Amino acid sequence: MSGSVILPRDFYDRDPLVVAPQLLNKVLVVRGGPDELVRVSGRIVEVEAYRGLDDEAAHTHRGPTPRTATMFGPPGHLYVYFSYGMHWCANAVTSSAGVGDAVLVRALEPIEGVDMMFERRSAAGRTRDLCSGPAKLCQALSISGALDGVDLTEEASPVVIVDDGVGVVSEPQQTTRIGLSKSVELPWRWMVPGNRHVSR
DNA sequence: ACCGGGATGTTCT
DNA sequence: GAACATCCCGGTG
């Protein structure tokens, strides 16, 4: 798309506390996949940072496991994990390879493929129900474990994150993270202030 | 509006 | 066994 630029590797190769708020207003795009010729996308309006070294809630905090191989890998890749026995959640790996940091994408404002999103998410009654949660957006965009490890910085990738020229959020809303029992005090969740598509 | 519980399977103690 | 980076549905006020 003209005017849209794929975020480069350098963007991700930094501390997730820096990357996370800068991912707000960027656009997550999924193309191809199970439904050929379909392109769906949404603007990132809510994120959380996970930092393996000092964050007890991070999957990587207790060292490498088979599940977290991608999160310990190089930055700029998609880390997808299976949650509560039925949901998928998607992260962008940050920091350098071997560190184990990532940013969880928690909510999108739908842009392209809204009809397809409603088909995939029969429970959604309103547009703001389509992508207002980390597992909801994976369902709407058809992101599953098959896409774990995808390079987000390659033009040919089925999943990319692009900058479409909308600026960074000047004063992101910052709170503690959602749904955790460990490291609950860390204020590592950021949102676009006033956006209707954030999670509850 | 809020609250409680069930679904469902991988990972870790 | 218990915990888990969740969601949905049905209760009640």
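Keep in mind that this is a model prediction, so the values were computed, not measured. Chain identifiers are assigned alphabetically (A, B, ...) following the order of the sequence lines, protein sequences preceding nucleic acid strands; residue numbering begins at 1 within each chain.
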Rounded to whole Å, please give me the gap between [atom1] in [X] and [atom2] in [N].
X: Asp55(A); N: dA5(C); atom1: CG; atom2: C1'; result: 10 Å
X: Arg121(A); N: dC7(C); atom1: CZ; atom2: P; result: 8 Å
X: Leu137(A); N: dT6(C); atom1: CG; atom2: P; result: 12 Å
X: Lys182(A); N: dA3(C); atom1: NZ; atom2: C1'; result: 8 Å
X: Asp129(A); N: dT6(C); atom1: CG; atom2: P; result: 17 Å
X: Arg120(A); N: dC7(C); atom1: CZ; atom2: P; result: 17 Å

Linking I/L/V/M/F/W/Y whenever their side-chain heavy atoms sit closer than 4.5 Å, directly or via other members, would Val80(A) and Phe72(A) fall into one cluster?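 No, it is not one cluster - the side chains of Val80(A) and Phe72(A) are not joined through contacts under 4.5 Å.
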Assuming nearest nucleotide by heavy-atom distance, tell me which of Ser181(A) and Lys136(A) is located more 5' along DNA chain C. Ser181(A)
dC2(B) OP1/OP2 closer than 4.0 Å to side-chain N/O of Arg200(A):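 No, no such contact exists.
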Could you tell me whether His59(A) and Tyr81(A) have their ring centroids closer than 6.0 angstrom?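 Between Tyr81(A) and His59(A), which both carry aromatic rings, the centre distance is below 6.0 Å.
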Please tell me whether Trp88(A) and Phe82(A) form a close aromatic pair, meaning their ring centres lie under 6.0 Å apart.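 Yes: the rings meet the under 6.0 Å criterion.
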Are side-chain heavy atoms of Tyr12(A) and Ile161(A) found at a separation under 4.5 Å?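 Contact flag for Tyr12(A)/Ile161(A) side chains = yes.
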Between the side chains of [Y] and [X], is the shortest nitrogen-to-carboxylate-oxygen separation below 4.0 Å, so that they form an ion pair?
X: Asp151(A); Y: Arg9(A); result: yes
X: Arg51(A); Y: Asp15(A); result: yes
X: Asp55(A); Y: Arg177(A); result: yes

Suppose you measure atom C1' in dC3(B) against the same atom in dA5(C); what distance do you get, rounded to whole Å?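 Comparing C1' positions in dC3(B) and dA5(C) gives a spacing of 22 Å.
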Hey, mind stepping through Val27(A) and Ile44(A) against side chain to side chain contact (heavy atoms under 4.5 Å, CB included) and telling me if it holds? CA-CA 6 Å; Val27(A) 178; Ile44(A) 297 170; over 6 Å; no
With a 4.0 Å cut-off on heavy atoms, is Ala57(A) in touch with a base, just the backbone sugar-phosphate, or nothing at all?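 Counting heavy atoms under 4.0 Å across all strands, the contact made by Ala57(A) includes a base.
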Contact class for Arg106(A) (heavy atom, under 4.0 Å): base, sugar-phosphate, or nothing? sugar-phosphate
Carefully, step by step, assess Glu46(A) and Arg106(A) under the rule salt bridge (charged side-chain N to carboxylate O under 4.0 Å, His left out). CA-CA 5 Å; Glu46(A) 176 182 346; Arg106(A) 283 195 58 89; 2.8 Å; yes
Counting Watson-Crick and G-U wobble pairs whose two distances are both under 3.5 Å, find the runs of 3 or more in a row that involve DNA chain B. B:1-7 with C:6-12, B:9-12 with C:1-4
Do nucleotides 7-13 of chain B as a string where each nucleotide becomes B, S or -: B if the base has a protein heavy atom under 4.0 Å, S if just the sugar-phosphate does, - if no protein is that close. BBB-SSS
